[in-house]
Amino acid sequence: MNDRLPRHIAFIMDGNGRWALKKGLKRSIGHRYGVKALKRIFEYVFELGINYMSIYALSKENLKRPKEEIQTLIELLNEYIDDCLPQLIKNKIRLNIMGDISILDDSSQQKIKMALEDTKHYSDKALNIAFNYSGRDEIIKAANQAIKDGHGEINQEIFEKYLYTASIPDPDLIIRTSGEQRISNFMLYQSAYSEIYFTKTLWPDFTKKTLDAALDDYKKRHRKFGDIK
Ligand code: FPP
């Protein structure tokens with residue numbers, strides 16, 4: 001029995017498209033409602049005292065989707081950054097972006113860089129947004145950078161400094177919504193010992209109650225990290 005809350009919780013926010021189609025709406029509306037769910041869960045996570053939260057907002061592989069859908073997700077990212085920046089600053093939460101944001105236009109990239117700059121001094125809490133992200137690419141990029149920096153041989157401690165999550169603890173709990181049960185290239189290195197919770201709830205329907213159920217389940221898990229205790 002583990003009576004502690006996770007220090008770091010991560011969400012694979014799946015099911016926006018299905019949620020919308022079930023209601024006869026366009027997929028993009030599902031993503032908009034996905035942001036509403038994100039906002040309520042972001043507040044609740046930090047209110048509970050969980051200091052690190054990661055979200056999978058767009059995978060590199062998602063770029064195969066129709067341009068219109070990608071454009072919606074880019075717009076939503078822009079709006080979300082504008083919206084949550086005051087909250088990040090008020091609550092001393094660092095913004096961290098994982099992934100390649102060079103697909104965004106200059107003004108969006110500039111806005112994100114400013115938000116990163118405005119919050120970079122906060123070290124105890126972080127919101128990690130994975131956007132145009134691939135766990136495999138992250139690992140390869142880190143290895144290449146370590147080589148470029150002249151490391152002949154590296155260990156975990158050195159390698160982890162090259163990941164997007166440098167100085168952020170590994171996720172204790174990863175939640176995937178919508179009934180899909182896979183990790184989909186998300187935080188591959190960092191999830192080595194993460195507990196994983198799958199729920200059939202579609203992301204736009206995810207509420208504080210759904211999170212409470214996941215946390216209750218997490219508390220029952222016996223984390224051994226390879227040990228026998
Ligand atoms: C997967 O659901 C979800 C995504 C690819 C995007 C997740 C994005 C959000 C929740 C909102 C955007 C948030 C930001 C910060 C940009 P899906 O569309 O694959 O659903 P489906 O499997 O039912 O089709």
Side-chain angles (χ1 to χ4, degrees), residues 2 6-22 27-28 30-31 33-35 37-38 41-42 45 50 52-66 69-70 72-74 76-77 96-101 103 127-143 159-160 163-165 168-207 209-226:
N2 150 33
R7 259 181 102 191
H8 181 172
I9 190 164
F11 296 93
I12 302 178
M13 308 179 289
D14 200 0
N16 298 340
R18 273 163 285 167
W19 183 90
L21 294 176
K22 265 173 57 178
R27 293 178 56 84
S28 57
H31 293 312
Y33 276 84
V35 176
L38 170 60
I41 294 307
F42 164 78
V45 160
I50 298 170
Y52 299 91
M53 171 167 160
S54 295
I55 53 165
Y56 207 0
L58 185 75
S59 73
K60 189 180 165 193
E61 292 75 21
N62 288 150
L63 293 188
K64 295 176 214 151
R65 294 185 179 197
E69 182 165 345
I70 302 303
T72 299
L73 288 163
I74 291 176
L76 290 175
L77 175 70
N96 192 42
I97 302 284
M98 309 197 289
D100 176 10
I101 57 161
I103 60 160
L127 172 68
N128 241 338
I129 303 182
F131 199 85
N132 190 18
Y133 171 83
S134 149
R136 286 183 174 171
D137 278 7
E138 176 183 28
I139 292 170
I140 292 166
K141 184 171 159 283
F159 187 68
E160 286 162 13
L163 296 172
Y164 291 121
T165 46
I168 293 176
D170 289 341
D172 299 292
L173 176 61
I174 299 177
I175 297 178
R176 183 171 189 151
T177 55
S178 89
E180 304 294 342
Q181 302 193 0
R182 37 175 196 278
I183 217 71
S184 298
N185 210 2
F186 185 54
M187 300 185 91
L188 294 183
Y189 182 94
Q190 298 90 336
S191 62
Y193 278 99
S194 303
E195 296 294 326
I196 306 187
Y197 180 85
F198 298 110
T199 169
K200 290 209 163 92
T201 303
L202 302 173
W203 177 253
D205 289 330
F206 198 92
T207 61
K209 264 193 169 170
T210 333
L211 181 55
D212 286 339
L215 293 173
D216 284 346
D217 189 88
Y218 171 80
K219 286 177 190 162
K220 290 188 201 121
R221 311 259 181 117
H222 187 44
R223 302 187 77 198
K224 297 186 294 188
F225 300 95

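All residue numbers in this chain count up from 1 along the given sequence.
The closest side-chain heavy-atom distance from F131 to I103 is below 4.5 Å. Between I9 and L215 there is a side-chain heavy-atom pair separated by less than 4.5 Å. Side-chain contact check for I41 versus T210: every heavy-atom pair is 4.5 Å or farther apart. Looking at Y197 and L173, their side chains come closer than 4.5 Å, going by heavy atoms from C-beta outward.
Taking all atoms of both residues into account, the shortest heavy-atom contact from Y52 to I168 is CD2-CG2, 3.8 Å. Here the closest heavy-atom approach between residue K22 and residue L202 is recorded as NZ-CD1, 4.0 Å. I175 and A214 make their closest contact through CD1-CB, 3.6 Å (heavy atoms, listed as atom of the first residue, atom of the second, distance). When all heavy atoms of L73 and A57 are compared, the pair lying nearest together is CD2-O, 4.3 Å. When all heavy atoms are compared, the tightest approach of T165 to N96 is CA-ND2, 4.4 Å. Among all heavy-atom pairs drawn from R176 and S184, the shortest one is NH1-OG, 2.8 Å.
Taking CD of E195 as the reference point, atom NE2 of H222 lies at 10.5 Å (rounded to 0.5 Å). Rounding to the nearest 0.5 angstrom, the gap separating the CG atom in L163 from the CE atom in M187 is 9.0 Å. Taking CG from L77 and CD1 from I74, the interatomic distance works out to 8.0 Å, rounded to the nearest 0.5 Å. In this structure, the separation between CZ on R65 and CG on L58 is 8.0 Å, given to the nearest 0.5 Å. Interatomic distance, D14 CG to W19 CH2, rounded to the nearest 0.5 Å: 15.0 Å. S178 OG to W203 CH2: the interatomic distance, rounded to the nearest 0.5 Å, is 11.5 Å.
Looking only at distances, a side-chain donor or acceptor of E138 sits under 3.5 Å from a matching main-chain atom of Y164. The backbone N or O of K209 lies less than 3.5 Å from a partner atom in the side chain of T207, making a donor-acceptor pair. A donor-acceptor contact shorter than 3.5 Å is absent between the side chain of R18 and the backbone of G30. With hydrogens and angles ignored, the 3.5 Å screen pairs no side-chain donor or acceptor of T177 with any backbone N or O of T199.
Contacts of S194 classified as side chain to side chain contact (heavy atoms under 4.5 Å, CB included), with partners at least two apart in sequence or in another chain: P171, I174, S191. Residues passing the ring-ring contact (aromatic ring centres under 6.0 Å, His included) test with F42 are F46, sequence neighbours excluded. Scanning for salt bridge (Lys or Arg N to Asp or Glu O under 4.0 Å) contacts around R182 gives E180, with sequence neighbours left out. In this structure, the side chain to side chain contact (heavy atoms under 4.5 Å, CB included) partners of A20, at least two apart in sequence or on a different chain, are L25. Shown here are the salt bridge (Lys or Arg N to Asp or Glu O under 4.0 Å) partners of D172, two or more places apart in sequence or in another chain: R223. Every side chain to side chain contact (heavy atoms under 4.5 Å, CB included) that S134 has, sequence neighbours left out, goes to K60, E61, R136, D137, N185.
Comment: K220 does not engage D216 in a salt bridge, judged by the lack of any side-chain N to carboxylate O separation of less than 4.0 angstrom.
Using cut-offs of 30° and 60° for the angle between ring planes, the F159 and Y189 rings count as tilted. Taking the six-membered ring where tryptophan is involved, the planes of Y56 and Y133 are perpendicular, since the angle between them exceeds 60° and thus also 30°.
At most 12 non-hydrogen atoms from other residues, nucleotides or ligands lie less than 6.0 angstrom from OH of Y33.
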Assess whether side-chain contact (heavy atoms from CB on, under 4.5 Å) is satisfied between N16 and E69, documenting all intermediate values. CA-CA 12 Å; N16 298 340; E69 182 165 345; over 6 Å; no
